[in-house]
Amino acid sequence: MNGQFLDFEKPILELEKKIKDMKDFAAGEKMEISSEIRAWEKKLEKLQKDVYSKLTAWQKVQLARHPLRPQTSDYISLLFSDFIELHGDRNFGDDKALIGGWGKLEGKHFMLIGQQKGKDTKQKLFHNFGMMHPEGYRKALRLMQQASRFRKPILILIDTPGAFPGIGAEERGQAQAIAYNLREMSNLKVPLIIVVIGEGASGGALGIGVGDKILMLENSWYSVISPEGCAAILWRDSSKAPLAAEALKLTAQDLLELKVIDKIIKEPLGGAHRNPGEQALILKKEILKVLEELQGLTPQELIERRIQKFRGMGIHYQIEEKE
Amino acid sequence: MEWFKKIKEGVSAQPKKEIPEGLWTKCEDCGEIIYVKELERNFWVCGKCKYHFRIKSTDYINLLLDEGVLEEFDRTLISGDPLKFKDSKRYPDRIKESRKKTQRNDALIAGIGKIEGRKVSLGVMDFAFIGGSMGSVVGEKVARAIERSVEKKMPLVIVSCSGGARMQEGILSLMQMAKTSSLLARQHKMGLPFISILTNPTTAGVMASYASLGDVIIAEPKALLGFAGPRVIQQTIGQELPKDFQSSEFFLEHGFVDLIVERSQLKKTVSLLLEYLSCCQ
Ligand SMILES: [Zn+2]
């Protein structure tokens, strides 16, 4: 990656710049070269389709980590009105890696909870790169239970490179906090919509990931371990991450095939960062559609279906055993 | 039709891959030279420093259950290869090797047995099978053990020993955490007890799901417990880790296990707890 663009984006960005330069030049010189420009635009379209139709798993991981990719805070400002952020777990502190609060989407009330990685260095440090501590998982659950009490749906946006591995996190029970969420989220009486918007790494993502519908943006990833972590353990070399990314089957398309997610949400051509506004609108449409499907269900039905949904995950076989 | 089989195996009848052979052995913790027969009599606990050697799942069955008898369920479940996963080895080959080595089909034995006359739904993990890692089969067997506890209104006891979720089954392994934990929500609501026993090591995906959800959580002394691996933490924060970090004693100190129990006292303690955790007696 080179600053604000990925290596495989380079030829596209160069061609875009060339077309823009031609247009500027034509406008300045009052020349008529629109047919020539149209030819270049066709070339651009073809190039984009070529590049983005055959992205490797590793390229998708890179898109999911793109420095300009919209994050939770962007979706809040693009989609939600009257947002009120709520802080703290009422026990230890306020985890800045997770944003939570009430908001309105097309007038409908939501409890919105999402991981926030931050974009520039200062923000990244403030949000701890989206890596949560136990108090973050406890804050999330506190807000979800509040939503459940007041019968309001919950929208969860997942975007984390993993739960934070540190001394304080272990001292305060990272494992217990995640485990407790997995159990208690199963008991919530309201629709829970999960969307993986960027990175979904391991228990750090799943710790806020139990829901009635699980959606993924087209270029996001969700896995038992990050490609780097997997490469370090199984290949003993974290630079083998591209290989691990392929092996882990972590793309939205893979997860749909493995019946872990319900739906893939389309991204604008080139990825969410090429047009955050359009992405937000696509996301809104999907959320409202899913909410409509879930709203007819009673709390008991929601809980039963949610438990059954996860109950059905996994692949195993029965063998005949010789005595 | 549920397939089951009674097993009764002596501690000595098993191949001891994980346990030193020969007349004398060295304590892995304090270095004391110990007579193996002596070690066996002490449930594989060092007499000097109380270090608990890692033992097999079948040893726990002998240790915990009356007459060492388990009515085993789901023995014939085996994993597929949903990801067609290959690192230095193909995943199916890894499974085949582990099955041969352990004479087990995956990293957990489950069934029904009695602890001082009280029937329990039991699950015991085995580290010898790919590091006790949890894939679809372990998740499914834990799920069924929870369901047996609910259907038959029996307490649930799980002995964990695991490095976490099994990478070779990718996202499906991760989802076993949610699968088992959400079924525990149901078990919990029904007022059935769950005793979680943590042995060396219990970390990552297993620690961050059912192992942490016991009504009572018991740890064996000096076990490695935690979410993230110590090496990952050290690399992330770039400083030395405190002494005893992520040990059973550390977990007790920070309030995440109820008690540390030596192996010789394990059955007695579990039995007494089950007496307290029953509503009608
Ligand atoms: Zn010793």
Side-chain angles (χ1 to χ4, degrees), chain A residues 162-167 169-187 200 202-203 205-207 209-210 222-225 229-230 232-235 243-244 247-250 254-255 258 260 303 306-307 309-321 323, chain B residues 3 75-80 82-83 85-88 105 135-137 139-140 143 165-167 169-186 188-189 203-205 207-213 225-229 232-233 236-237 241-242 245-246 250 254-256:
Chain A
F164 187 67
I167 294 173
E170 295 290 324
E171 284 174 339
R172 301 194 290 277
Q174 190 75 288
Q176 188 272 349
I178 292 172
Y180 198 73
N181 276 18
L182 299 183
R183 188 180 73 190
E184 294 309 315
M185 288 177 81
S186 312
N187 284 327
S202 190
L206 183 65
V210 175
Y222 193 4
S223 169
V224 66
I225 186 169
C230 178
I233 295 170
L234 292 183
W235 281 267
L243 259 178
L248 282 167
K249 302 272 191 297
L250 45 61
D254 294 323
L255 268 73
L258 291 166
V260 168
I303 291 169
R306 197 179 301 141
I307 293 174
K309 177 185 182 67
F310 288 90
R311 178 70 188 85
M313 290 186 193
I315 293 173
H316 52 81
Y317 302 94
Q318 192 108 30
I319 51 160
E320 291 293 322
E321 206 171 38
E323 288 298 311
Chain B
W3 187 95
R75 183 190 167 92
T76 54
L77 287 188
I78 64 159
S79 67
L83 271 50
F85 197 95
K86 182 173 176 287
D87 46 279
S88 59
N105 291 322
S136 296
V137 172
E140 180 66 21
R166 188 174 294 167
M167 279 181 279
E169 288 184 41
I171 192 75
L172 294 176
S173 296
L174 187 73
M175 292 302 147
Q176 303 309 307
M177 294 168 63
K179 169 161 135 184
T180 53
S181 303
S182 63
L183 285 171
L184 280 172
R186 204 182 263 168
H188 191 73
K189 252 192 255 173
T203 58
M207 195 66 208
S209 61
Y210 55 86
S212 282
L213 293 172
L225 308 176
F227 178 68
V232 174
I233 297 176
T236 307
I237 62 174
L241 301 175
F245 182 63
Q246 295 187 309
F250 173 93
H254 288 95
F256 293 103

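Since we're looking at a predicted model, the values are computed, not measured. Quick note on labels: first sequence line is chain A, next is B, and so on, each numbered from 1.
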Selection from [options] maximising heavy-atom pairs under 4.5 Å formed with chain A:
options	answer
B:Ala185, B:Ser88, B:Ala208, B:Ser136	B:Ala208
B:Gln176, B:His188, B:Lys86, B:Arg166	B:His188
B:Met207, B:Lys189, B:Glu140, B:Met175	B:Glu140
B:Thr180, B:Leu184, B:Leu213	B:Leu213
B:Ala178, B:Pro242, B:Gly80, B:Ala143	B:Ala178
B:Leu172, B:Leu241, B:Leu83, B:Val232	B:Leu83

Report the distance from atom NZ of B:Lys179 to atom CG of B:Leu174, rounding to the nearest 0.5 Å.
12.5 Å

Do the side chains of [Y] and [X] get nearer than 4.5 Å, heavy atoms only?
X	Y	result
B:Ile237	A:Phe164	yes
B:Leu225	B:Phe250	no
A:Leu182	A:Phe310	no
B:Asn105	B:Leu77	no
B:Phe227	B:Gln246	no

Give the member of [options] that has the highest number of heavy-atom pairs under 4.5 Å with chain B.
options	value
A:Met185, A:Arg183, A:Lys249, A:Lys309	A:Arg183
A:Val224, A:Ile233, A:Leu255, A:Ile303	A:Val224
A:Asp254, A:Leu243, A:Ile167, A:Val260	A:Ile167
A:Arg172, A:Gln174, A:Arg311	A:Arg311

Partner of B:Ile171 under side chain to side chain contact (heavy atoms under 4.5 Å, CB included), chosen from A:Leu206, A:Leu248, A:Leu258:
A:Leu258

Please work out whether the ring planes of A:Trp235 and B:Phe85 are parallel, tilted or perpendicular, with thresholds of 30° and 60°.
tilted

Given that the side chain runs from C-beta out, which part of A:Ile225 has a heavy atom under 4.5 Å from chain B: side chain, backbone, both or neither?
side chain

Quiz question: by atom type and distance under 3.5 Å, do the side chains of A:Gln176 and B:Ser212 form a donor-acceptor pair?
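Absent: no donor and acceptor within the cut-off.
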
Per-residue contact mode, B:Tyr210 against chain A (heavy atom under 4.5 angstrom):
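Interface part for B:Tyr210: neither.
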
For B:Ser209, is it the side chain, the backbone, both or neither that has a heavy atom under 4.5 Å from a heavy atom of chain A?
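Contact with chain A: backbone and side chain both.
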
